[in-house]
Amino acid sequence: MTYNNNYTKEDILRIAKEQNVRFIRLQFTDLMGSIKNVEIPFSQLEKALDNKMMFDGSSIEGYVRIEESDMYLYPDLDTWVIFPWVTESKVARLICDIYMPDGRPFPGDPRAILKTALKQAEELGYTAMNVGPEPEFFLFKTDEKGNPTTELNDQGGYFDLAPMDLGENCRRDIVLTLEEMGFEIEASHHEVAPGQHEIDFKYADAIKAADQIQTFKLVVKTVARQHGLHASFMPKPLFGMNGSGMHCHQSLFKGETNAFYDESDKLGLSNVARHYMAGVLRHARSFAAITNPTVNSYKRLVPGYEAPCYVAWSASNRSPMIRIPASRGLSTRVEVRNPDPAANPYLALAVMLAAGLDGIKNKMQLPPPTDRNIYVMTEEERESQGIPSLPLNLKQALDELLRDDVICDTLGEHALAHFYELKEIEWDMYRTQVHQWERDQYLSLY
């Protein structure tokens with residue numbers, strides 16, 4: 001479940017010296033999915049590589065109380081990379097795991113939560129969970145002070161070229177920067193909505209994939225700023241347009257064998273794949289609070305904008321939550337389409353994996369595929385075919401989360417309690433706020 005660079009401490013010290021790296025960012029992710037970092041000078045690099053760099057965990061969202069704040073950063077050496085956009089006083093990055101002073105992994109560290117879920121997969125004989133994420137984003141113009149506006153950078157559509165796609169140069173520079181940082185880019189294109197873009201990179205094991213999502217967001221925002229633009233991964237920034245998703249293609253491997261493939265099956269799917277999908281569908285309403293974690297996430301999950309809002313699957317139809325892409329053999333995979341890029345990628349992959357593993361362990365039966373357009377079905381038709389909806393809002397999602405022991409156990413007591421508390425505050429702030437829509441509707445009427 002690791003990278004393939006196999007850097008040693010000595011390698012990193014040598015490279016840093018040869019490349020004249022002056023500063024190193026020790027990065028980690030908080031419970032809400034935000035990247036945090038402690039920047040150290042080169043003189044402190046050896047201390048950091050010896051896992052002796054301490055920070056105050058009480059200042060980080062969802063971490064610990066002030067009386068138990070000392071925490072340690074353990075760098076993952078294989079995540080070493082030099083930022084290509086800094087030419088003077090070079091800056092490098094190491095992604096870290098968080099440890100307690102007694103040497104135990106911190107139970108609220110999202111990366112540790114994903115590693116624990118992967119250990120459960122290993123106990124069932126699966127050596128890797130491969131993930132191919134597809135995070136979408138919008139490019140907005142900025143004002144004279146550099147603050148983001150809601151004015152789109154272009155009016156292009158799906159697969160459009162310049163001059164319709166005015167984000168082409170920015171997107172190309174993003175791709176070049178990502179490639180310099182070790183990404184293998186498979187495609188980049190304009191998405192359906194004006195100003196919306198997608199860049200697809202090669203699948204990786206789950207830890208690396210989650211690390212790459214975080215790095216991807218950082219690069220996209222950094223390069224966009226260099227072009228005078230603001231990149232947003234907000235799930236639904238504009239009413240009446242498609243929102244931004246983060247479809248997650250996933251498969252389980254045993255060594256070199258894809259456990260999801262069975263050439264004798266009509267669809268090329270193994271029983272393992274079917275049980276995994278059944279588990280994901282069974283727990284979908286419960287893990288939505290993690291894969292779609294904001295108030296705004298549920299503005300995307302509505303009919304008519306290509307986002308899934310119904311818990312179903314199909315080998316071809318794009319209206320259900322799970323789709324099976326056409327490739328088979330080593331490329332056989334399940335595409336879960338409801339996650340959005342506001343999700344903490346470590347937690348999102350952990351809960352989807354846990355749901356799938358629960359399906360495998362309990363040999364859950366996959367319901368029949370839904371090959372009709374679910375958006376045009378009546379509520380009675382959906383009910384008769386046993387097709388539930390995803391939660392309608394964050395409050396519903398949080399209620400569903402607490403009812404599911406599998407998902408709660410995957411998050412662990414610490415992360416669950418802090419996540420729920422923070423999201424309950426978010427919902428209450430939204431619920432009690434008076435929005436412009438209400439003034440437009442009611443101020444003159446009543």
Please step through side chain to side chain contact (heavy atoms under 4.5 Å, CB included) for the pair Y72 and N51, ending with a clear verdict. CA-CA 7 Å; Y72 285 85; N51 302 329; over 6 Å; no
Side chains of T79 and D76: any donor to acceptor distance under 3.5 Å? no
R22 atom CZ: more than 12 heavy-atom contacts under 6.0 Å: no
With distance as the sole criterion, is a donor-acceptor pair present between the side chains of H227 and D173 under 3.5 Å? yes
Are P133 and P345 packed together at the side-chain level, in the sense that at least one heavy-atom pair is separated by less than 4.5 angstrom? no
Note: R14-D11 ion pair, threshold 4.0 Å (strictly below): yes
Is there a donor-acceptor contact under 3.5 Å from the side chain of T142 to the main chain of G228? yes
For N338 and R300, work out which heavy atoms get closest and say how close. O-NH1, 2.8 Å
Do the ring centers of F137 and F233 come within less than 6.0 Å of each other? yes
Would F287 and D404 satisfy side chain to side chain contact (heavy atoms under 4.5 Å, CB included), going step by step from the backbone distance to the final call? CA-CA 9 Å; F287 66 59; D404 192 317; over 6 Å; no
Do side-chain atoms of Q396 reach the backbone of L392 as a donor and acceptor pair under 3.5 angstrom? yes
Distance, nearest 0.5 Å, that separates CD of Q120 from OH of Y126: 13.5 Å
Verify, without hydrogens or angle tests, whether K221 (side chain) and S232 (backbone) share a donor-acceptor contact under 3.5 angstrom. no
M352 vs L349 side-chain heavy atoms within contact, under 4.5 Å: yes
d(D358 CG, L353 CG) to nearest 0.5 Å is 11.0 Å
Could you go through D102 and R104, starting from their C-alpha distance and side-chain angles, then the distance that decides it, and tell me whether this counts as salt bridge (Lys or Arg N to Asp or Glu O under 4.0 Å)? CA-CA 6 Å; D102 62 6; R104 289 181 297 122; 2.7 Å; yes
Test side chain to side chain contact (heavy atoms under 4.5 Å, CB included) on V302 and C309; report intermediate values, then the result. CA-CA 6 Å; V302 296; C309 34; 5.7 Å; no
Which value, rounded to the nearest 0.5 Å, describes the distance between S286 atom OG and L401 atom CG? 7.0 Å
Is a side-chain donor-acceptor pair under 3.5 Å present for E136 with H247? no
Hey, are R111 and D109 close enough for a salt bridge, meaning a charged N less than 4.0 Å from a carboxylate O? no
Aromatic ring pairing H418/H414, orientation class (parallel under 30°, perpendicular over 60°, tilted between): parallel
Is there a side-chain contact between M32 and L422, using heavy atoms and a 4.5 Å cut-off? yes
Distance, nearest 0.5 Å, that separates CE of M246 from CZ of F216: 10.5 Å
Both conditions, 6.0 Å and 45 degrees, for the charged tip of K36 above the ring of F28: are they met here? no
Report yes or no: do Y276 and Q250 form a side-chain donor-acceptor pair below 3.5 Å? yes
Quick check on K17: does its NZ atom have over 12 non-hydrogen neighbours (other residues, nucleotides or ligands) under 6.0 Å away? no
Contact summary for L357 and A117, nearest pair of heavy atoms: CD1-O, 4.0 Å
Within the 3.5 Å criterion, strictly below it, is a donor on T215 or R93 matched to an acceptor on the partner's side chain? yes
Between S331 and Y203, is there a side-chain heavy-atom distance shorter than 4.5 Å? no
Are the side chain of D78 and the backbone of Y7 linked by a donor-acceptor contact shorter than 3.5 Å? yes
Any salt bridge linking K47 with D50? Criterion: basic side-chain nitrogen under 4.0 Å from a carboxylate oxygen. no
The test is side chain to side chain contact (heavy atoms under 4.5 Å, CB included); show your working for V223 and R171 and say whether it passes. CA-CA 9 Å; V223 175; R171 200 171 63 234; over 6 Å; no
Kindly give the heavy-atom pair with the smallest separation between F140 and L238, and that separation in Å. CE2-CD1, 4.0 Å
Of the non-hydrogen atoms in L31 and F419, which two are nearest, and what is the gap between them? CD2-N, 3.5 Å
For the side chain of K254 and the backbone of A128, is there at least one donor-acceptor N/O pair under 3.5 Å apart? no
Are R337 and R323 close enough that some pair of their side-chain heavy atoms sits under 4.5 Å apart? yes
Should we say atom CD of E256 is surrounded by more than 12 heavy atoms from elsewhere, each under 6.0 Å from it? no
Side chain to side chain donor-acceptor pair (under 3.5 Å) test vs S297 passes for just one of D340, N292, N393, T291, namely D340
Can you check whether E198's main-chain N or O pairs, donor with acceptor, with E134's side chain at less than 3.5 Å? no
Would you check if L252 and I360 make a side-chain contact, meaning some heavy-atom pair closer than 4.5 Å? yes
How far does CH2 of W313 sit from CD1 of I324, to the nearest 0.5 angstrom? 6.0 Å
Heavy atoms of L13 and F42 approach each other most closely as O-CE1, 4.2 Å
Distance-only side-chain donor-acceptor flag, N130 / S251, under 3.5 Å: no
Would you confirm whether N37, through its side chain, and Q27, through its main-chain N or O, come within 3.5 Å as a donor-acceptor pair? no
Quick one: does Y261's side chain get under 4.5 Å of S270's, heavy atoms only? no
So, do Y74 and P105 sit near enough that their side-chain heavy atoms are less than 4.5 Å apart? no
Heavy atoms from other residues, nucleotides or ligands near CD of E413 exceed 12 (cutoff 6.0 Å): no
Backbone N or O of P391 within a donor-acceptor pair of the E400 side chain at under 3.5 Å? no
Aromatic contact between F138 and H230, with the criterion being ring centroids under 6.0 Å apart: yes or no? no
Check whether R285 reaches the backbone of V311 with its side chain - one donor and one acceptor, N or O, closer than 3.5 Å. no
I'd like to know whether D428 forms a salt bridge (Lys or Arg N to Asp or Glu O under 4.0 Å) with R431, so could you lay out the CA-CA distance, the side-chain angles of the two residues, the decisive distance to 0.1 Å, and finally the verdict. CA-CA 5 Å; D428 279 340; R431 182 181 61 82; 3.4 Å; yes
Any donor and acceptor pair, going by atom type alone, linking the side chain of K217 with main-chain N or O of P341 inside 3.5 Å? yes
For I290 against A348, the heavy-atom pair lying closest together: CG2-N, 3.8 Å
Examine the side chains of Q214 and T29 and answer whether a donor and an acceptor come within less than 3.5 Å of each other. yes
Salt bridge or not for K119 and E122, using N-O below 4.0 Å? no
Starting at CD1 of I185, measure out to CD1 of I174 and round the result to the nearest 0.5 Å. 10.0 Å
